[in-house]
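What follows is a short report on a single structure.
For clarity, every value in this text was computed on a predicted model and none was experimentally measured. Indexing begins at 1, ligand by ligand and atom by atom, following the structure's order.
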Amino acid sequence: MINVSNAIEIENLNKKFKGFELKNVSFNVPKGCIVGFVGENGAGKTTTLKAILNLINRDSGTIKIMGMDTIKEEKKIKENIGVVFDGCNFHDNLKTGDISKMMACIYKNWNKERYDQYLKKFKLPNDKAIKEFSRGMKMKLQIAAALSHEPKVLILDEATSGLDPVIREEILDVFMEFIQDEEHAILISSHITSDLDKIADYLVFIHQGEILLNEEKETMLSRMGILKCGEEDFRRLDQDDYIRYRKNHFSFEILVNDKQSIKKKFPDAIVDRATIEEIMLFYVKGEK
Ligand SMILES: Nc1ncnc2c1ncn2[C@@H]1O[C@H](COP(=O)(O)OP(=O)(O)OP(=O)(O)O)[C@@H](O)[C@H]1O
């Protein structure tokens, strides 16, 4: 039996569209982990996720799920993946029971009891057609369906976007429950960085089709920091000390690589903890 520690492995993925390119995208999703995939609108998140799912043809690169090549062993892999994309993929006139019958034909591991449990947990009615569902209800339905064919990997594209904090928390709890099994893994793209702050173990940051950052979340957040200082102190910094800076009227805000070494250099300096959102903004808007 092959023992693979990564649920998903992406190596040198390239895909060119007119005016956009994924450039040598490489990262892993380790088993037992949630990887948050972040980046601004149009950065290439959905394109990457679609390439993982073979929904678009890639130009080059290899992608493995549970050690299996996603092109050569596509059929075998599909059973192992639960997918939720923004918007609802089920036909509007279907009811929850119709979806169960349909999914049972598609997936050999379809677990109707589990699906019914999720419907109950999410308080989804079985007598209404999907067209009468709210956005949050549609999202929860998709998540219930994605989890009920007993996948090992969840691939989620903006699965919590446009939902209120109560529903988001319910959904995040379900993801946390799913990941308790060490063989499971989640790759989730989201603009709601506070959600990723809560649940992600790793963060992968994509910008203009390139991976800029790929690190364990807590290590990254405890290492990086934001230093506020005047021009004189800024000039004393080495290039290696910081990642990006932003200049205001009278001061500099600097995303530093290593809070501790900066505190040694400037004992009186205040270096604040950076949030995921701030780090993203520095990478996109800051100067080098
Ligand atoms: N089928 C396609 N043909 C041509 N260009 C495409 C196609 N699909 C996506 N693109 C382009 O690829 C780029 C990346 O799009 P993508 O949907 O991957 O971004 P994203 O990071 O998911 O953005 P968002 O956060 O807005 O969903 C965009 O410039 C988009 O216009």
Self-check item: Point-to-point distance, once rounded to the nearest 0.5 Å, from CE of M103 to CG of D98
Solution: 13.0 Å
Quiz item: How about F37 and F205: are their ring centroids closer than 6.0 Å?
Solution: no
Exercise. Return yes or no for this condition: an N or O of F20 is under 3.5 Å from an N or O of ligand 1.
Key: no
Practice problem: Using distance alone, determine whether G42 and ligand 1 share an N or O pair under 3.5 Å. | Solution: yes
Quiz item: When you measure from the centre of the six-membered ring of Y242, is the NZ or CZ of K288 under 6.0 Å away and within 45° of the axis?
Solution: yes
Self-check item: Ion pair R223/E215, N-O distance below 4.0 Å
Solution: yes
Self-check item: Salt-bridge criterion met for D116 and K112 (N-O under 4.0 Å)
Solution: yes
Quiz item: Does the distance from a Lys or Arg side-chain N to an Asp or Glu carboxylate O, for K152 and E182, drop under 4.0 Å?
Solution: no
Exercise. Write out the residue and atom name of the closest protein heavy atom to atom 9 (C) of ligand 1, then the distance separating them to 0.1 Å.
Key: F17 CE1, 3.5 Å
Quiz item: Is there a heavy atom in G44 that sits closer than 4.0 Å to ligand 1?
Solution: yes
Quiz item: Is the shortest distance from a heavy atom of H191 to ligand 1 less than 4.0 Å?
Solution: yes
Exercise. Work out whether the distance between some heavy atom of E40 and some atom of ligand 1 is less than 4.0 Å.
Key: yes
Quiz item: Among protein heavy atoms, which lies nearest atom 27 (O) of ligand 1, and at what distance?
Solution: T46 OG1, 3.9 Å
Quiz item: atom 26 (O) of ligand 1: which protein heavy atom is closest, and how many Å away?
Solution: N41 ND2, 2.8 Å
Practice problem: Verify the contact flag for atom 31 (O) of ligand 1, where contact means a protein heavy atom under 4.0 Å away. | Solution: no
Exercise. Ignoring hydrogens, tell whether any protein atom lies closer than 4.0 Å to atom 14 (C) of ligand 1; use the non-hydrogen atoms only.
Key: yes
Self-check item: Salt-bridge criterion met for E253 and R246 (N-O under 4.0 Å)
Solution: no
Quiz item: Is there any N or O on T48 that sits under 3.5 Å from an N or O of ligand 1?
Solution: no
Quiz item: Is it true that D241 and K265 make a salt bridge, defined as a side-chain N closer than 4.0 Å to a carboxylate O?
Solution: yes
Quiz item: Going by distance only, is there an N or O of T47 that falls short of 3.5 Å from an N or O of ligand 1?
Solution: yes
